[in-house]
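Inspection log for the structure reproduced underneath, given as structure tokens.
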Amino acid sequence: DSGVTQTPKHLITATGQRVTLRCSPRSGDLSVYWYQQSLDQGLQFLIQYYNGEERAKGNILERFSAQQFPDLHSELNLSSLELGDSALYFCASSARSSYNSPLHFGNGTRLTVT
Amino acid sequence: SQQGEEDPQALSIQEGENATMNCSYKTSINNLQWYRQNSGRGLVHLILIRSNEREKHSGRLRVTLDTSKKSSSLLITASRAADTASYFCATDAIQGAQKLVFGQGTRLTINP
């Protein structure tokens, strides 16, 4: 068990809808990362937060947004969903803001857009 | 692109044999990490090797890093059925956007 909790585990929704994915980082970790994994694109970095502040941004669409709250949990909001947004969404956490320590991954949220 | 590329994409061996996976990347890095992913699950960190290190061991795992060739290898010795998984390398570039970029992974199958 990595200590990172993601909810829900599965999500099925229709095109055009909006969903929120939730992540609780490992106790004591200040950084939260969001990744999208699909068969054709592999594991794509979306965004990183460190202690409530946005730290780095990757290939995140404008339809997607995220935030990290004062209690350090994070939410990823996906709106105007398209079929191509179907993927596994992973949250990871680490103690620091840099990449000289391991990332701890949750088990992901599987999003299916129909 | 900084993205690492694993080679081979898929590897199938017999239990007890050694498995070697390779990773190549394009830009200078601070660190390189290896992760394992069981089907449909989250990634699990295996080893982190810094740019000034050449080799690192952890149990049956051995990682090498050659910064002159921008490549790394992961060796799993005496493989077990439980080692069946996908293995990813991840790199963070010295310059540019600070992010950990994952390769496409090597799918390892250990046959009993």
Side-chain angles (χ1 to χ4, degrees), chain A residues 1-7 9-10 21 23-26 29 31-50 53-60 86-112, chain B residues 1-7 9-10 21 23-25 27-53 56 58 61 63 65 72 74 85-107:
Chain A
D1 183 11
S2 68
V4 178
T5 304
Q6 289 189 248
T7 56
K9 291 183 180 179
H10 303 276
L21 282 53
C23 169
S24 293
R26 203 175 61 137
D29 284 356
S31 272
V32 168
Y33 312 79
W34 286 98
Y35 282 84
Q36 178 194 57
Q37 186 177 39
S38 58
L39 285 175
D40 56 343
Q41 293 292 319
L43 202 62
Q44 297 289 317
F45 169 71
L46 297 178
I47 198 164
Q48 177 202 356
Y49 282 84
Y50 177 75
E53 300 290 326
E54 183 182 301
R55 178 75 178 179
K57 218 166 185 175
N59 302 323
I60 188 166
S86 295
L88 258 174
Y89 290 84
F90 286 106
C91 169
S93 72
S94 69
R96 307 169 195 161
S97 63
S98 60
Y99 294 105
N100 56 6
S101 62
L103 267 60
H104 303 274
F105 281 78
N107 281 323
T109 292
R110 183 174 294 278
L111 174 66
T112 303
Chain B
S1 168
Q2 173 202 328
Q3 190 170 24
E5 295 181 2
E6 284 91 345
D7 171 56
Q9 290 188 332
M21 289 156 274
C23 168
S24 60
Y25 55 92
T27 62
S28 296
I29 61 171
N30 293 305
N31 306 286
L32 185 142
Q33 303 185 41
W34 283 92
Y35 288 80
R36 182 188 75 229
Q37 183 182 31
N38 290 89
S39 183
R41 306 279 290 180
L43 282 72
V44 175
H45 180 262
L46 297 176
I47 285 185
L48 182 151
I49 186 165
R50 306 187 193 287
S51 59
N52 61 353
E53 298 176 311
K56 212 161 181 180
S58 176
L61 307 180
V63 167
L65 178 64
S72 173
L74 170 66
S86 292
Y87 292 82
F88 296 86
C89 69
T91 55
D92 62 321
I94 288 178
Q95 296 179 336
Q98 285 298 302
K99 55 183 179 179
L100 194 66
V101 177
F102 287 79
Q104 295 286 355
T106 292
R107 174 68 189 166

> Contact part of B:Leu43 toward chain A, heavy-atom cut-off under 4.5 Å: side chain, backbone, both or neither?
Replying inline: both
>> Please determine whether the number of non-hydrogen atoms from other residues, nucleotides or ligands lying under 6.0 Å from atom CD of A:Glu54 exceeds 12.
In response: yes
> Considering only heavy atoms, which portion of A:Arg55 lies under 4.5 Å from any heavy atom of chain B: side chain, backbone, both, or neither?
Replying inline: neither
>> Checking the side chain of A:Tyr33 only, and the main-chain atoms of B:Lys99 only, is there a donor and an acceptor separated by less than 3.5 Å?
In response: no
> For the side chain of A:Asn107 and the backbone of B:Arg41, is there at least one donor-acceptor N/O pair under 3.5 Å apart?
Replying inline: no
>> Looking at every non-hydrogen atom in both residues, tell me the closest pair between B:His45 and A:Leu103 and how far apart they are.
In response: CB-O, 4.1 Å
> Checking A:Gln37 against chain B: side chain, backbone, both or neither under 4.5 Å from a heavy atom?
Replying inline: side chain
>> Please enumerate all residues that pass ring-ring contact (aromatic ring centres under 6.0 Å, His included) together with A:Tyr35, with sequence neighbours excluded.
In response: A:Phe45, A:Phe105, B:Phe102
